[in-house]
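Positions are given from 1 along the sequence. Side chains are part of it too, since the values below use all heavy atoms of this structure and drop only hydrogens, waters and symmetry mates.
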Amino acid sequence: MDSLDLSRWQFGITTVYHFIFVPITIGLSALVAGLQTAWVRTGKEHYLRATKFWGKLFLINFAIGVVTGIVQEFQFGMNWSNYSRFVGDIFGAPLAMEGLLAFFLESTFLGLWIFGWDRLPKKLHLATIWTASIGTMLSAYFILAANSWMQHPVGWRMGDGRAELTSIGAVLTQKTTLVTVPHTLTACFLTAGALLLAVSAWHLRKGNQEEVFRPSLRLGAWVVLIAGVGVLITGDVQARVMTEQQPMKMAAAEALYRNTESASFSVFTIGSLDGKEEVWSVRIPSLLSFMATGSPSGEVEGINDVQAQYEQKYGEGDYTPIVPITYWSFRLMIGFGGLAMLVALAALWFNRGERRARGRWLWIAGIGTVAMPLLANSFGWIFTEMGRQPWTVFGLFKTSESGSPSVSTSEAATGLIVLTVLYGILAVIEVGLFLKYARAGAPDIPVENEADDRPLAFAY
């Protein structure tokens with residue numbers, strides 16, 4: 001492998017690793033705010049205990065997420081300098097807005113929330129966690145706007161051999177951004193809900209603190225189901241926009257090589273090693289056409305036909321992504337998300353009313369739910385980015401042109417090894433801290449002094 005391949009591996013590993021923490025942070029911040037709101041409105045102790053418990057896990061995740069996120073931006077200058085020079089005028093704008101506005105809200109108001117338990121009135125203290133939660137969503141919006149520009153560049157012009165920004169409004173409000181943001185945010189809530197369900201299932205299986213974790217399990221399961229429906233709806237809309245803007249990606253997602261009307265969707269396929277020949281498959285008639293066009297009889301363009309169009313438009317070259325990766329990442333994304341919804345539905349059914357699930361495998365499935373949205377998110381990003389290849393910026397700038405010429409193969413290999421080892425160490429720290437405080441359970445609450453209407457002091 002040359003330095004470009006190693007740089008791609010490095011960026012892929014660090015990005016997927018970082019995105020483990022992002023959806024948990026975004027979704028859990030809102031759920032913690034919701035639990036604290038329930039406590040402020042009702043005064044019920046179990047809501048406060050749940051707020052403290054899930055709030056601590058949220059803070060651990062947030063801290064690791066910040067550390068791993070910093071590396072992402074440094075890589076643009078280190079391994080992708082040509083890309084940074086070409087698109088820095090555009091790509092840097094939403095990232096700067098994310099740092100100056102969104103991250104400011106997150107960090108500032110999260111600090112007020114952490115240290116304000118015994119210093120701020122209840123409602124004012126509650127406002128700090130809601131503001132921090134809004135900050136996490138704004139952060140996602142600006143970063144997704146930058147990524148959406150890579151998928152569908154708008155609001156730019158060519159000047160002095162580089163892309164120049166002409167309209168930040170176009171970048172922030174283009175169709176790709178507007179369909180990507182709700183799809184990602186609903187996936188974040190799906191992930192956070194699965195975390196609540198999994199940790200609560202572990203405690204309930206052991207008979208721990210049912211007054212806290214039984215409501216948490218139900219909350220998590222309902223969030224998984226509702227957010228899962230949101231993911232399906234927004235994903236359907238996003239698929240049609242993607243087909244309109246990047247027909248090659250949709251064709252590769254189905255390994256469809258010729259234009260086809262009433263195209264079926266293969267749930268499972270066994271094919272040749274190069275992905276060009278189907279040996280056996282299980283198919284749903286007309287589903288791919290419906291996903292891509294909104295009509296069961298719609299025509300979906302095939303890889304060979306799109307390749308011919310791109311050769312006429314962009315010149316000779318191979319414009320087909322790695323089909324097996326695109327094909328399977330698309331299905332694994334859908335499959336793991338759907339599996340999480342099934343487990344959530346089972347959790348609600350077997351724990352309805354005063355009932356308690358008895359089967360050992362039901363509890364194990366509930367505990368394992370936390371991994372399902374994380375895997376779905378990871379495969380979703382792999383599909384999104386690998387399906388766009390060979391472009392860094394679709395139709396404008398190729399990945400082969402985007403690297404840093406001054407970075408040697410040995411330097412790129414060193415960076416890849418160092419960051420992979422470092423992230424492995426951080427993973428051990430994160431998992432260790434998370435498991436330690438997750439097993440500890442919800443804290444006991446001392447008698448509250450209501451004289452000044454302030455929340456209880458609690459050492460994080």
**Student:** Check this for me: does any side-chain nitrogen of one of E385 and R388 sit under 4.0 Å from a carboxylate oxygen of the other?
**Tutor:**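 Judged by the 4.0 Å cut-off on N to carboxylate O distance, E385 and R388 do form a salt bridge.
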**Student:** May I ask you to decide if R214's main-chain N or O and R218's side chain share a donor-acceptor pair within less than 3.5 Å?
**Tutor:**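 Not at all, since once roles are kept as given, no pair shorter than 3.5 Å links the two residues.
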**Student:** State whether the side chain of S404 and the backbone N or O of V407 hold a donor-acceptor pair below 3.5 Å, judged by distance alone.
**Tutor:**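 No; judged by distance alone, with no hydrogens or angles, the pair does not exist.
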**Student:** Hey, can you tell me if W391 and F394 have their rings parallel, tilted or perpendicular (30° and 60° cut-offs)?
**Tutor:**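 Because their plane-to-plane angle is over 60°, the rings of W391 and F394 count as perpendicular.
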**Student:** Would you compute the distance between atom CZ of R119 and atom CZ of F115 and round it to the nearest 0.5 angstrom?
**Tutor:**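 Result: 8.5 Å between the selected atoms.
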**Student:** Short question: side chain of W149, backbone of V154 - any donor-acceptor pair under 3.5 Å?
**Tutor:**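 Yes, W149 side chain to V154 backbone: donor-acceptor pair under 3.5 Å.
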**Student:** Restricting to non-hydrogen atoms, name the atom on P215 and the atom on V212 that form the minimum distance, rounded to 0.1 Å.
**Tutor:**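 The answer is CD-O, 3.4 Å.
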**Student:** Step by step, would you call R331 with E254 a salt bridge (charged side-chain N to carboxylate O under 4.0 Å, His left out)?
**Tutor:** CA-CA 9 Å; R331 276 148 187 78; E254 181 54 31; 2.3 Å; yes
**Student:** Kindly give the heavy-atom pair with the smallest separation between T191 and P373, and that separation in Å.
**Tutor:**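 In this case the closest contact between T191 and P373 is OG1-CB, 3.5 Å.
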**Student:** Kindly confirm or rule out a cation-pi arrangement of R240 over F290, judged by NZ or CZ under 6.0 Å from the six-membered ring centre and within 45° of its axis?
**Tutor:**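 That pair qualifies as a cation-pi contact.
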**Student:** Ignoring hydrogens and geometry, is there a side-chain-to-backbone donor-acceptor pair from T177 to V171 under 3.5 Å?
**Tutor:**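 Looks like yes, one N/O pair under 3.5 Å.
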**Student:** Using only atom types and a distance under 3.5 Å, with no angle test, would you say the side chain of S133 pairs donor to acceptor with the backbone of I129?
**Tutor:**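 Such a contact is absent between S133 side chain and I129 backbone.
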**Student:** Mark yes or no for whether H183, through its side chain, and G235, through its backbone, hold a donor-acceptor pair below 3.5 Å.
**Tutor:**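 Yes; judged by distance alone, with no hydrogens or angles, the pair exists.
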**Student:** Report yes if the distance between the aromatic ring centroids of F11 and Y83 is under 6.0 Å, otherwise no.
**Tutor:**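 When the ring centroids of F11 and Y83 are compared, they turn out to be at least 6.0 Å apart.
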**Student:** Is it true that W381 and T15 share a donor-acceptor pair across their side chains at a distance under 3.5 Å?
**Tutor:**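 On atom types as modelled, these side chains do not qualify, holding no pair under 3.5 Å.
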**Student:** How long is the straight-line distance from CZ of R49 back to OG of S216, given to the nearest 0.5 Å?
**Tutor:**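 So the gap between those two atoms works out to 10.5 Å.
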**Student:** Kindly state each residue pair satisfying salt bridge (Lys or Arg N to Asp or Glu O under 4.0 Å) with at least one member in residues 95-116, sequence neighbours excluded.
**Tutor:**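 Residue pairs with at least one partner in residues 95-116: there are none.
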**Student:** Using side chain to side chain contact (heavy atoms under 4.5 Å, CB included) as the criterion, point out the one residue from M386, M248, Q246 that pairs with P321.
**Tutor:**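 It is M248; the other options fail the test.
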**Student:** Measure from the ring center of F91 to the ring center of F76 and say whether it is less than 6.0 Å.
**Tutor:**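 Centroid distance F91-F76: below 6.0 Å, so yes.
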**Student:** How close do S81 and G77 get, heavy atom to heavy atom, and via which atoms?
**Tutor:**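 In terms of heavy atoms, the two residues are closest at CB-O, 3.9 Å.
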**Student:** Step through the shown structure and confirm whether more than 12 heavy atoms of other residues, nucleotides or ligands are within 6.0 Å of CD1 on I322.
**Tutor:**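 No, because the 6.0 Å sphere around CD1 of I322 holds 12 heavy atoms or fewer from other groups.
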**Student:** Check whether NZ of the Lys or CZ of the Arg R41 lies under 6.0 Å from the centre of the six-membered ring of Y47 and within 45 degrees of that ring's axis.
**Tutor:**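 R41 over Y47 ring: no.
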**Student:** Hey, are K122 and Q36 close enough side-chain-wise for a donor-acceptor pair under 3.5 Å?
**Tutor:**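 Result is no, nothing qualifies.
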**Student:** Between T128 (side chain) and H125 (backbone), is there a donor-acceptor pair under 3.5 Å?
**Tutor:**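 At least one qualifying donor-acceptor pair exists.
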**Student:** Given 3.5 Å as the limit, does a donor-acceptor pair link the side chain of S264 with the main chain of P285, or not?
**Tutor:**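 Such a contact is absent between S264 side chain and P285 backbone.
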**Student:** Given side chains that start at C-beta, do those of I168 and M97 come closer than 4.5 Å, heavy atoms only?
**Tutor:**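 A side-chain contact under 4.5 Å exists here.
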**Student:** Which atoms form the tightest heavy-atom contact between Y17 and A427, and what is the distance?
**Tutor:**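 Nearest pair, atom of Y17 first, then A427: OH-N, 2.9 Å.
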**Student:** Please round to the nearest 0.5 Å and tell me the distance separating atom CG of L433 and atom CG of L59.
**Tutor:**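 Atom-to-atom, L433:CG and L59:CG are 12.0 Å apart.
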**Student:** Say you draw a straight line from CG of L190 to CG of L225; how long is it, rounded to the nearest 0.5 Å?
**Tutor:**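 So the CG of L190 and the CG of L225 are separated by 9.0 Å.
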**Student:** Among T392, V87, N79, which one satisfies side chain to side chain contact (heavy atoms under 4.5 Å, CB included) with S402?
**Tutor:**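 Testing each of T392, V87, N79 against S402, the sole residue satisfying side chain to side chain contact (heavy atoms under 4.5 Å, CB included) is T392.
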**Student:** Any pair with a residue in residues 204-223 that passes ring-ring contact (aromatic ring centres under 6.0 Å, His included), sequence neighbours left out, goes on the list, sorted by first then second residue, please.
**Tutor:**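 Listed by first then second residue: F53-F213, H203-F213.
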**Student:** Are W130 and T37 linked by a side-chain donor-acceptor pair shorter than 3.5 Å?
**Tutor:**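 There is such a pair between these side chains.
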**Student:** Of the non-hydrogen atoms in V343 and A365, which two are nearest, and what is the gap between them?
**Tutor:**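 Where V343 meets A365 most closely, the heavy atoms are CG1-O, 3.7 Å.
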**Student:** Side chain to side chain donor-acceptor pair (under 3.5 Å) between K175 and Q245: does it pass, once the steps are laid out?
**Tutor:** CA-CA 10 Å; K175 186 187 298 185; Q245 297 173 350; over 6 Å; no
**Student:** For the residue pair Q174 / S148, report whether a side-chain donor-acceptor contact shorter than 3.5 Å exists.
**Tutor:**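 No, no side-chain donor-acceptor contact under 3.5 Å.
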**Student:** Flag the pair F379 / F330 as yes when their ring centroid distance falls below 6.0 Å, and as no otherwise.
**Tutor:**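 F379 vs F330: aromatic centres not under 6.0 Å.
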**Student:** Would you say S289's side chain and S286's backbone share a donor-acceptor pair under 3.5 angstrom?
**Tutor:**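 Judged by distance alone, no pair lies under 3.5 Å.
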**Student:** Using atom types as modelled and distance alone, determine if a side-chain donor or acceptor of Q209 lies under 3.5 Å from a backbone N or O of G441.
**Tutor:**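 Such a contact is absent between Q209 side chain and G441 backbone.
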**Student:** If you look at every heavy atom in A187 and N377, which pair is closest and at what distance?
**Tutor:**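 Smallest heavy-atom distance, with atoms named: CB-OD1, 3.7 Å.
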